[in-house]
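Numbering of ligands and ligand atoms starts at 1, following listing order. Keep in mind it's a predicted model, so treat the numbers as computed, not measured.
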Amino acid sequence: MTDAAVKEIICLKNVRREYRMGQNIVTALDGISFTINEGEFVSIMGPSGSGKTTCMNLIGCLDRPTSGMVKIDGEDISLLNDRALAVLRSRTLGFVFQQYHLIPSMTVLENVMLPLRYQGVEKNRWKELAVNALERVELGDRMSHLPHELSGGQNQRAAIARALAGSPKIILADEPTGALDSQTGKTVLSTFSEINASGTTVIIVTHDPLVGAQARRLIKIMDGRLD
Ligand SMILES: Nc1ncnc2c1ncn2[C@@H]1O[C@H](COP(=O)(O)OP(=O)(O)O)[C@@H](O)[C@H]1O
Ligand SMILES: [Mg+2]
């Protein structure tokens with residue numbers, strides 16, 4: 001690929017994020033800069049408390065920096081109001097969490113369809129898109145099951161399908177294998193690799209070096225700084 005074909009999709013410049021705790025200020029990110037290009041498979045790795053979730057919340061447009069710049073898909077998030085930020089988030093990002101966060105009373109298919117409503121997808125396409133996403137994670141035969149009827153790995157793949165259904169440019173996953181045994185974790189990681197191979201930017205946040213090793217690029221954080 002020539003340089004001209006590489007498109008920067010995430011850019012952090014001198015990002016600080018401080019939390020006020022009564023009289024004290026906790027510095028979670030202490031001036032971090034990096035860029036991620038479209039199509040990369042990156043792991044943000046560091047020990048507990050190093051600032052990974054804070055970093056992910058900024059990339060995910062769930063938070064704003066105390067100072068510095070965060071640019072997502074060409075937009076400087078400091079310049080967007082809450083409404084515009086929510087639109088950028090739902091148009092650009094899909095989220096996967098450690099504990100899946102599926103709704104227990106809804107079938108797998110209903111869970112995957114749900115966010116499409118908020119992404120402004122026409123109603124008559126919800127089912128088709130959800131079924132496609134479930135087939136991509138090899139859950140086409142489990143769509144009418146409830147989450148408790150599936151294994152941990154299947155739940156996490158359903159959560160990946162939910163993140164994928166609206167075709168986001170970026171999939172962000174925070175410790176996605178943290179609740180799984182290592183063999184099941186490997187299956188879930190290979191699902192992320194396949195998604196990345198089809199062009200989606202994938203970012204996995206983890207404290208686990210074995211998980212980090214699956215990504216094509218590592219960004220290491222320590223005490224709120226790049227390591
Ligand atoms: N909402 C918050 N209020 C105060 N301190 C926080 C908050 N969130 C995180 N922190 C602190 O910021 C630092 C980084 O936290 P976090 O980003 O959650 O790290 P990680 O995800 O790597 O474990 C830690 O010292 C943590 O205690
Ligand atoms: Mg964390």
- among protein heavy atoms, the one nearest atom 27 (O) of ligand 1 is Val26 CG1, 4.9 Å
- Message: Does only the side chain of His207 get under 4.0 Å from ligand 1, or the backbone, or both, or neither? Count heavy atoms.
- Response: neither
- Can an N, O or S atom be found in Thr53 less than 2.8 Å away from the Mg ion (ligand 2)? yes
- Message: Taking a cutoff of less than 4.0 Å between a non-hydrogen atom of the residue and any ligand atom, is Gly224 in contact with ligand 1?
- Response: no
- Message: Any nitrogen or oxygen of Ala28, side chain or backbone, less than 3.5 Å from one on ligand 1?
- Response: no
- Any heavy atom of Ser48 sitting closer than 4.0 Å to ligand 1? yes
- Cationic N near anionic O, under 4.0 Å, Lys71 to Asp76: no
- Nearest to atom 18 (O) of ligand 1 by heavy atom, Asn24, Leu58, Asn57, Thr53: which? Thr53
- The one among Asp63, Thr54, Thr27 that brings a heavy atom closest to atom 15 (O) of ligand 1: Thr54
- Message: Among all protein heavy atoms in this structure, tell me which lies nearest to atom 2 (C) of ligand 1, with the distance rounded to 0.1 Å.
- Response: Tyr19 CD2, 3.5 Å
- Query: So, Glu128 and Arg125, do they make that salt bridge, N to O below 4.0 Å?
  - Reply: yes
- In terms of heavy-atom contacts, Gly152 and Leu180 come closest through C-CD2, 3.5 Å
- Note on the structure: Near Met21 (heavy-atom distance under 4.0 Å), the atoms of ligand 1 are 3 (N), 4 (C)
- Query: Going by distance only, is there an N or O of Gly49 that falls short of 3.5 Å from an N or O of ligand 1?
  - Reply: yes
- Task: Please determine if Arg20 and Glu18 form a salt bridge, counting it only when a charged side-chain N lies under 4.0 Å from a carboxylate O.
- Result: no
- Which atoms from ligand 1 have a heavy atom of Pro47 less than 4.0 Å away? 22 (O)
- Message: Counting non-hydrogen protein atoms only, what is the nearest one to atom 19 (O) of ligand 1? Give residue, atom name and distance.
- Response: Gly51 N, 3.2 Å
- Message: Restricting to non-hydrogen atoms, name the atom on Ala130 and the atom on Leu109 that form the minimum distance, rounded to 0.1 Å.
- Response: CB-CD1, 3.7 Å
- Message: Once you measure the plane-to-plane angle for Phe97 and His101, does it fall in the parallel (<30°), tilted (30-60°) or perpendicular (>60°) bin?
- Response: perpendicular
- Task: Considering only NZ, NE, NH1 and NH2 on the basic side and carboxylate oxygens on the acidic side, decide whether Lys186 and Asp181 come within less than 4.0 Å.
- Result: no
- Task: Answer yes or no for atom 24 (C) of ligand 1: protein heavy atom present at a distance under 4.0 Å?
- Result: yes
- Item | Distance-only side-chain donor-acceptor flag, Arg17 / Asn57, under 3.5 Å | no
- Carboxylate-amine/guanidinium proximity below 4.0 Å for Lys52 and Asp174: no
